[in-house]
Amino acid sequence: MLSRPAPLFDHAWIAARLPHAGAMCLLDDVLAWDASHVVCSADDQRRPDHPLRQFGRLGAACGIEYAAQAMAVHGALLAPAQGGVRPGMLISARSVQLHVDRLDDLPQPLQVRAERLQAGEDLLIYGFSLHSAGRLLLQGRASVLLGPDTTAPAAPAAPRVSDSLPRGRA
C-alpha cells in the first residue's frame, strides 16, 4: 500500500471554510498547494449514505463536485494574500472526460487536483482531475463566477433626502 503524505490541513479546517455542511463537505485533507494548484484527498466515496449517491451508486460525474470543493479550498487558501474570501459558484464544466463509470467501487482514497488556469476579476477557470491509486478517473475544466467580497466593509449608506430637509415643530 502506498503511503499518503501528511495533510497540511484537515477536514475540520476545510469544513470551517466551505459553505457545505455535514456529510456534504466531501474533502478530508489538503495534501499540497501553491498559488495555482491544490491537491486534496477524500475517502468517503464508498459510504452507503453518501449524499450524492443515487440508485445505489456514486456515479463518476459526482467527481465534479469533489473538484468544485477543491477549487473553493484553493480560494480559501489564497484569500489572506488576496485580501479576503469571495464566494464562488460553479457555472460550467467543460471538456469533462469520465474514465470510469462510478466512484463507489474504488477501494483507495480519491486524490482531487485543481489548477487555476485563468483568473479574471470575477471569473476563474480551473482544470481538474480525480485519481485513485495512480489511476485517472475523470478530468475537465470548470468556470467559477465570483461573488462580492464578504469581508470588505460595507459602503456607507447614502444620505436620505429627508435628512437634509428642515424639520417642522410639533
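Hydrogens, waters and symmetry mates play no part in the numbers below; they use all other heavy atoms, side chains included. As the structure is a prediction and not an experimental result, all values here were calculated from the model.
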With side chains defined as the heavy atoms from C-beta onward, is the minimum distance between [X] and [Y] less than 4.5 Å?
X      : Y      : answer
Leu124 : Ser143 : no
Leu31  : Phe9   : no
Leu27  : Tyr66  : yes
Trp33  : Val73  : no
Leu77  : Val38  : yes
Leu52  : Met24  : yes
Met89  : Leu146 : no
Ile14  : Asp28  : no

Under a 3.5 Å distance rule, please check whether [X] uses its side chain to pair with a backbone N or O of [Y] as donor and acceptor.
X      : Y     : result
Asp104 : Gln45 : no
His74  : Asp34 : yes
Arg141 : Ala93 : no
Gln69  : Leu26 : yes

Locate the shortest heavy-atom distance separating [X] from [Y]; write the atom from each residue and the value.
X      : Y     : result
Pro109 : Asp43 : CA-OD1, 3.6 Å
Leu138 : Gly63 : CD2-CA, 3.8 Å
Val30  : Cys40 : CG2-SG, 4.2 Å
Val100 : Ala60 : O-CB, 3.2 Å
Arg53  : Arg47 : NH1-O, 3.5 Å
Val144 : Gly88 : CG1-CA, 3.9 Å

### Hydrophobic cluster (4.5 angstrom, side-chain heavy atoms) - remaining members for Leu117
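Ile125, which link up through side-chain heavy atoms under 4.5 Å apart, make up the rest of the cluster.
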### Message
Taking transitive links into account, so neighbours of neighbours count too, which hydrophobic residues share a cluster with Phe55 at under 4.5 Å side-chain distance?
### Response
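Answer for Phe55: none, a lone residue.
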Nearest-0.5 Å distance that lies between atom [atom1] in [X] and atom [atom2] in [Y]:
X      : Y      : atom1 : atom2 : result
Leu106 : Leu137 : CG    : CG    : 5.5 Å
Cys25  : Leu18  : SG    : CG    : 5.0 Å
Gln97  : Gln139 : CD    : CD    : 4.5 Å

### Of all pairs that satisfy side chain to side chain donor-acceptor pair (under 3.5 Å), the ones with a partner from residues 6-18, not counting sequence neighbours
none
### Task
Go through the steps to decide whether Asp101 and Arg57 satisfy the test side-chain contact (heavy atoms from CB on, under 4.5 Å), and finish with yes or no.
CA-CA 10 Å; Asp101 292 330; Arg57 58 177 282 181; 4.1 Å; yes
### Task
Spell out, yes or no, whether Tyr126 and Leu145 are grouped together once hydrophobic residues are joined by side-chain heavy atoms under 4.5 Å, including indirect joins.
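Result: no, two separate clusters.
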### Query
Going hydrophobic residue to hydrophobic residue with side-chain gaps under 4.5 angstrom, can you get from Leu103 over to Leu136?
no
### Message
For a quick check under 3.5 Å, do Asp29 and Ser41 share a side-chain donor-acceptor pair by atom type?
### Response
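Distance-only check passes for Asp29 and Ser41.
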### Query
How about Glu65 and His20: does a side-chain donor come under 3.5 Å of a side-chain acceptor?
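Result is yes, a qualifying pair exists.
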### Task
Step by step, work out the side-chain contact (heavy atoms from CB on, under 4.5 Å) result for Arg113 and Val39.
CA-CA 5 Å; Arg113 301 176 188 176; Val39 180; 4.1 Å; yes
### SB check Asp122 Arg86 (cutoff 4.0 Å)
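Yes, Asp122 and Arg86 are salt-bridged.
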### Query
Passes side chain to side chain donor-acceptor pair (under 3.5 Å), Gln118 versus Arg116? Steps please.
CA-CA 6 Å; Gln118 292 181 354; Arg116 186 181 280 193; over 6 Å; no
